[in-house]
Amino acid sequence: MFTKILIANRGEIACRVIATARKMGIQTVAVYSDADKDARHVKLADEAVHIGAAPSRESYLLGDRIIAACKSTGAQAVHPGYGFLSENEAFAKRCEDEGIAFIGPKAHSIAAMGDKIASKKLAGEAQVNTIPGYNDAIENAEKAVGIAQGIGYPVMIKASAGGGGKGLRVAYNDKEALEGFTACQNEARNSFGDDRIFIEKFVQEPRHIEIQILGDSHGNVVYLNERECSIQRRHQKVIEEAPSPFISDATRKAMGEQAVALAKAVKYQSAGTVEFVVGKDQDFYFLEMNTRLQVEHPVTECITGLDLVEQMIRVAAGEKLAFTQTDVKRDGWAIECRINAEDPFRNFLPSTGRLVRFQPPEQTMWQANTQSLQGVRVDTGVFEGGEIPMFYDSMIAKLIVHGKDRNDAIAKMREALNGFAIRGISSNIPFQAALLAHPDFVSGKFNTGFIAQHYAHGFHAEDVPHADPDFLVALAMFRNRRYRARASTITGQMQGHQVHVGHQYTAVILGGEGKHQYVSGEVTDFDAEARVCNVVVNGKTYEMRSNADIRDLVVRGSCNGKPFTCQIERGTAKNPLALRVIHNGTQADVLVLSPKGATLHQLMPYKAPPDLSKFLLSPMPGLLVDVAVQPGQKVQAGEKLAVIEAMKMENILFAVQDGVVSKISAAKGDSLAVDDIILEFE
């Protein structure tokens with residue numbers, strides 16, 4: 001067994017590998033870029049080596065520097081994680097040539113299966129059903145349009161070396177095919193250093209289900225059941241679960257055996273994933289094989305009780321699999337939510353900056369899971385006070401739950417999301433909460449078009465309606481009553497100006513453009529020592545109990561005897577005295593006043609924000625890679641104005657109305673902050 005391994009990655013997956021290595025008694029070496037010098041994986045590893053500048057093409061994608069770091073530290077093996085060099089045939093071969101064990105498949109397997117064009121040809125030769133398409137590299141955008149016309153729209157344009165949603169577009173017409181080919185090629189070149197593109201038929205209303213396989217160097221290959229990965233946004237997985245609520249045992253067995261046969265055909269060693277698109281009648285087609293560890297591997301670990309990272313290390317060290325196919329179990333139900341640094345209310349724009357607060361829910365599963373233990377697990381590579389840089393993926397954590405069945409897992413996940421506090425940057429937690437509460441998700445009736453269908457016009461606050469809005473008001477009144485009780489005990493108050501607690505209140509639910517709601521309520525039977533009271537709102541009584549301190553952001557307690565977890569904080573952008581209450585994805589800003597104070601509040605005039613319609617502002621931090629217009633140019637609504645690159649994705653900014661460009665304020669190559677002016681209109 002190895003005594004020291006190097007992790008050629010960063011963030012969450014680097015921390016994940018370190019956890020298993022530490023459990024196995026193996027020392028670890030981290031590598032880091034300029035942007036990651038204070039990162040969590042650097043602090044957790046036994047050693048750390050600096051390998052270059054912040055952009056991945058100047059650090060994490062430089063195989064020579066990874067090899068040099070292995071040699072300088074004496075690392076006997078390298079774990080590539082996912083992304084970066086994990087599916088790079090040349091890097092795997094270089095490791096083999098240098099006598100460094102690559103904790104992943106052999107280079108010939110990566111060449112055969114990691115390349116999506118080659119893998120489809122091989123699958124066809126192996127009598128595996130594949131989706132109709134053009135499986136050779138396409139020369140240019142014009143040829144791509146012709147091929148798409150021949151296959152028939154819609155088509156999927158994919159980068160041969162792509163992964164993680166990068167270098168992938170769906171086109172429904174010639175215009176989208178032309179633009180999609182160019183965008184995919186650019187993203188693939190920047191992310192993977194390989195801009196080959198192919199096209200295949202897009203199967204409508206499909207489900208994305210993948211089979212986890214594991215092979216050793218002794219010819220043994222097993223499949224570890226499936227993962228349901230159909231909940232996707234822009235082809236990026238959002239929620240994954242195991243097992244799938246859709247397929248039958250017979251389909252599961254057929255898919256698993258086909259995945260094993262494909263892996264044996266290329267003498268696959270290590271963990272890998274065979275991805276299938278599954279139709280409504282459970283007919284399935286081979287999509288591709290990911291010759292690496294998947295982001296969503298924890299859900300498989302939960303239901304099988306296996307540590308996949310440990311298995312990868314053991315296989316790379318030449319060990320034989322310690323179990324057979326009949327030993328693989330399927331225990332309970334696991335769900336994973338990807339917690340991303342993005343703002344769902346602003347069309348999921350990337351959000352970077354300092355994590356002012358990062359308080360994940362309490363973990364009740366080991367991070368490197370070695371047995372079936374139902375509960376909550378958080379895999380992350382960040383910490384409170386750390387920075388989320390603009391150079392890498394937007395995912396900052398994975399929240400995983402394991403329950404006895406699917407309904408139990410959904411309930412556990414909703415409660416865990418309620419207790420996941422992130423401040424300083426925006427996150428997609430409200431969106432995740434909305435997905436988990438959607439009737440079609442709960443019933444298991446969904447496909448890969450679920451998000452596009454139900455959130456076609458973006459995600460808005462009203463998409464997360466609360467089952468009992470008065471409960472949020474009751475929470476605010478309960479917290480406010482405790483604030484008042486503390487304030488009333490402050491010594492030295494002026495005679496005649498003491499804080500009067502009272503029990504009649506009016507909650508002002510703050511809305512946009514001065515459109516507020518006023519709700520009357522009453523707080524009775526308050527017991528400061530027991531931290532309990534009754535709150536009456538709209539004729540309903542809520543018995544509130546909580547031992548949380550009034551400074552706590554995450555509040556746990558009970559309402560009418562039923563436990564709850566929520567988040568309450570004082571001070572919002574709308575009002576520094578308001579309370580922000582967050583529960584089940586719904587956010588309410590509530591100002592609790594006396595009835596007289598609420599009457600006066602209604603007389604306050606509304607101050608409209610300044611008109612910024614004549615400016616194109618940067619909606620996110622990022623690199624301005626293109627300005628598509630010139631001063632004096634007339635533009636129409638929907639016309640491309642600029643392109644910003646952030647978190648390895650190109651974001652195109654379009655004109656929202658007709659106009660004439662008067663001034664360009666930013667140049668190609670500039671680093672932009674949120675709301676920086678890019679250009680002005682007349």
Side-chain angles (χ1 to χ4, degrees), residues 343-347 418 421 423 426-427 429-431 433-434 437 457-487 499-524 526 533-542 544 546 550 553 555 559 564 566-613 675:
D343 190 343
F345 300 112
R346 300 179 67 212
N347 199 29
N418 282 337
R423 300 294 184 271
S426 298
S427 81
I429 288 177
F431 183 58
H457 302 292
F459 181 68
H460 311 282
E462 54 268 27
D463 292 325
V464 205
H466 199 277
D468 184 7
D470 290 338
F471 171 65
L472 304 180
V473 174
L475 284 170
M477 287 189 175
F478 177 43
R479 174 61 72 94
N480 180 76
R481 179 63 178 78
R482 293 184 59 189
Y483 276 127
R484 300 291 292 177
R486 184 182 69 166
V499 173
H500 296 287
V501 176
H503 59 88
Q504 297 287 342
Y505 296 96
T506 297
V508 185
I509 305 173
L510 304 178
E513 299 180 359
K515 297 175 182 177
H516 311 311
Q517 299 178 49
Y518 294 81
V519 181
S520 297
E522 184 178 15
V523 181
T524 61
F526 180 79
C533 72
N534 288 323
V535 182
V536 181
V537 181
N538 285 330
K540 293 178 286 187
T541 300
Y542 299 86
M544 310 295 295
S546 175
I550 58 174
L553 176 57
V555 178
C559 175
F564 70 81
C566 70
Q567 297 178 37
I568 307 178
E569 58 187 323
R570 193 169 193 178
T572 72
K574 297 175 182 177
N575 192 305
L577 298 178
L579 294 171
R580 174 161 290 172
V581 182
I582 303 173
H583 182 255
N584 284 350
T586 301
Q587 175 179 296
D589 292 342
V590 184
L591 181 62
V592 182
L593 303 171
S594 67
K596 184 176 181 179
T599 300
L600 295 173
H601 186 272
Q602 288 180 286
L603 301 176
M604 296 292 290
Y606 168 68
K607 182 180 180 181
D611 180 15
L612 299 175
S613 61
D675 291 338

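Taking each heavy atom of Ala421 and Leu553 in turn, the nearest pair found is CB-CD2, 3.4 Å. Listed here is the closest heavy atom pair of Ala588 and Leu472: CB-CD1, 4.1 Å. Across Pro344 and Ser427, no two heavy atoms sit closer than the pair CD-O, 3.2 Å. Residue Pro465 comes nearest to Glu462 through the heavy atom pair CD-O, 3.5 Å, listed as atom of the first residue, atom of the second, then distance. A pairwise comparison of heavy atoms in Tyr483 and Leu579 identifies CE1-CD2, 3.7 Å as the closest pair. Between Val519 and Met477, the shortest heavy-atom contact is O-CE, 3.9 Å.
A heavy-atom distance below 4.5 Å is found between the side chains of Val473 and Ile509.
Remark: Ala434 engages Tyr455, Phe459, Val464 in a side chain to side chain contact (heavy atoms under 4.5 Å, CB included) (not counting sequence neighbours). Every residue two or more places apart in sequence or in another chain that forms a side chain to side chain contact (heavy atoms under 4.5 Å, CB included) with Leu577 is listed here: Arg570, Asn575, Leu591. Every side chain to side chain contact (heavy atoms under 4.5 Å, CB included) that Asp468 has, sequence neighbours left out, goes to His466, Asp470, Phe471, Lys540, Tyr542. In terms of the side chain to side chain contact (heavy atoms under 4.5 Å, CB included) criterion, residue partners of Thr506 (sequence neighbours excluded) are, by chain and number, Tyr518, Ser520, Pro595, Ala598. Checked against side chain to side chain donor-acceptor pair (under 3.5 Å), Arg580 has the following partners two or more places apart in sequence or in another chain: Asp589.
Sorted by first and then second residue, the salt bridge (Lys or Arg N to Asp or Glu O under 4.0 Å) pairs with a member in residues 502-517 read Glu513-Lys515; sequence neighbours excluded.
With hydrogens and angles ignored, the 3.5 Å screen pairs a side-chain donor or acceptor of Gln567 with a backbone N or O of Asn418. Between the side chain of His503 and the backbone N or O of Val523, no donor-acceptor pair lies under 3.5 Å.
Crowding of His500 atom NE2: a count of heavy atoms from other residues, nucleotides or ligands under 6.0 Å exceeding 12.
Interatomic distance, CZ of Arg479 versus OG of Ser546, reported as 7.5 Å (0.5 Å rounding). Distance check, rounded to the nearest 0.5 Å: OH of Tyr606 to NE2 of His516 gives 9.0 Å. The structure places CD1 of Ile568 at 5.0 Å from CG of Leu475, a figure rounded to the nearest 0.5 Å. Here Arg481 contributes atom CZ and Thr524 contributes atom OG1; the two are 10.0 Å apart, rounded to the nearest 0.5 Å. Here CD of Gln602 is found 10.0 Å from CG of Leu593. Values are rounded to the nearest 0.5 Å.
A donor-acceptor contact under 3.5 angstrom links the side chains of Ser613 and Asp611, judged on distance only.
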### Message
What verdict does the side-chain contact (heavy atoms from CB on, under 4.5 Å) test give for Phe431 and Asp463, after you've listed the backbone C-alpha separation in whole Å, the side-chain angles of each residue and the deciding distance to 0.1 Å?
### Response
CA-CA 9 Å; Phe431 183 58; Asp463 292 325; over 6 Å; no
### Task
Could you give me the CA-CA distance, side-chain angles and deciding distance for Gln587 and Phe345, then say whether side-chain contact (heavy atoms from CB on, under 4.5 Å) is met?
CA-CA 12 Å; Gln587 175 179 296; Phe345 300 112; 6.0 Å; no
### Message
Run the side-chain contact (heavy atoms from CB on, under 4.5 Å) test on Val501 and Phe526 for me, step by step, so that the C-alpha distance in whole Å, both residues' side-chain angles and the decisive distance to 0.1 Å come before the verdict.
### Response
CA-CA 11 Å; Val501 176; Phe526 180 79; over 6 Å; no
